[in-house]
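First the structure, in the form of structure tokens, and then the observations on it.
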Amino acid sequence: MGYTKSPIGLKSYDWSSMTLLADLNTKAITGCKKTIEARREHFWHDMNSEFDSKHFLLYLMRRSDLTLSDDFLEFACLWHLDEQNHYRGLRKINSVLYGIPESKIDEFVASRQPDFTSIDQFLIDEFSILLSIAFDEVTSTRAYRQDFPLFDSLGPRCLSVWVRNAAKDEAAHYGNAIRLLKLSHRRRFNELPALLDRIVNFETAKDFAYHSTFLFDHDTDDFSQALLASSRCAILDTLRSDL
Ligand SMILES: [Fe+2]
Ligand SMILES: [Fe+2]
């Protein structure tokens with residue numbers, strides 16, 4: 001579905017995690033307990049990252065040195081609605097899988113403080129911010145796709161639908177970022193290969209750590225070096241004809 005209010009055809013899908021997962025409960029989970037326990041850290045990590053879209057949005061809005069276009073602001077608003085919907089979905093999933101009340105999760109998640117110091121080097125202007133988002137979103141799309149068999153193994157069909165909806169949203173975010181890059185930042189495309197190299201090097205460095213910033217959260221073994229390298233290639237392939 002196209003988001004019809006957008007003058008540049010930004011893509012957005014209308015669905016609700018809370019509605020989709022309303023009937024999800026512990027008894028309905030039939031998946032392997034060992035596998036579920038082994039994935040505890042990953043589910044928790046993904047949920048926190050989705051919530052952190054709020055940190056990233058507030059960070060952008062507080063950066064008085066940035067000039068952000070109207071198209072970018074519309075993109076960011078749509079994106080944020082989706083990411084918070086993903087957070088609410090993963091909050092329910094973590095609660096059901098690991099027996100933690102959703103109110104406790106909210107409390108914990110909101111108590112974390114973001115630190116953008118190490119990544120503001122990638123967030124110089126609208127162009128570099130969009131490229132960083134594109135890299136993050138294409139990686140998220142692939143990471144959720146990797147999780148399809150896991151979600152399918154848990155039992156309830158709503159979880160299979162949820163992870164596919166989330167992957168579809170992440171792909172739309174990626175597509176929307178690419179659309180804005182093509183529309184307004186084509187003249188800077190000669191900078192793409194070097195900037196993407198810097199991002200991949202940053203995320204694969206030994207001392208790389210995630211600080212609740214939403215962006216650059218690829219610090220678990222879900223995000224292999226090959227996956228990050230393939231995200232870089234995907235962006236360059238998509239924009240190759242414009243390079
Ligand atoms: Fe998301
Ligand atoms: Fe996303």
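Start at 1 and go down the list; that is how both ligands and their atoms are numbered.
- In His86, the N, O or S atom that comes nearest to the Fe ion (ligand 1) is ND1.
- Distances from the Fe ion (ligand 2) show that His173 has an N/O/S atom below 2.8 Å.
- The Fe ion (ligand 2) has no N, O or S atom of Asp169 inside 2.8 Å of it.
- Looking only at N/O/S atoms, Glu137 comes nearest to the Fe ion (ligand 2) through OE1.
- For Glu170, the N, O or S atom closest to the Fe ion (ligand 2) goes by the atom name OE1.
- The Fe ion (ligand 2) lies at 2.8 Å or more from every N, O or S atom belonging to Asp136.
- The pair Asp152-Arg164 meets the salt-bridge criterion, with a side-chain N (NZ, NE, NH1 or NH2) lying under 4.0 Å from an Asp/Glu carboxylate O.
- When the N, O or S atoms of Glu83 are ranked by distance to the Fe ion (ligand 1), OE1 comes first.
- Not a single N, O or S atom of Asp82, from either the backbone or the side chain, sits less than 2.8 Å from the Fe ion (ligand 2).
- A salt bridge links Asp147 with Arg39: the closest approach of a Lys/Arg side-chain nitrogen to an acidic carboxylate oxygen falls below 4.0 angstrom.
- Taking a 6.0 Å sphere around CG of Asp70, one finds it holds 12 or fewer heavy atoms contributed by other residues, nucleotides or ligands.
- Of all heavy-atom pairs between Arg179 and Ile8, the closest is NH1-O, 2.8 Å.
- Here the shortest heavy-atom pairing between Cys158 and Leu20 reads CB-O, 3.6 Å.
- Other residues, nucleotides and ligands place more than 12 heavy atoms under 6.0 Å from the CZ atom of Arg112.
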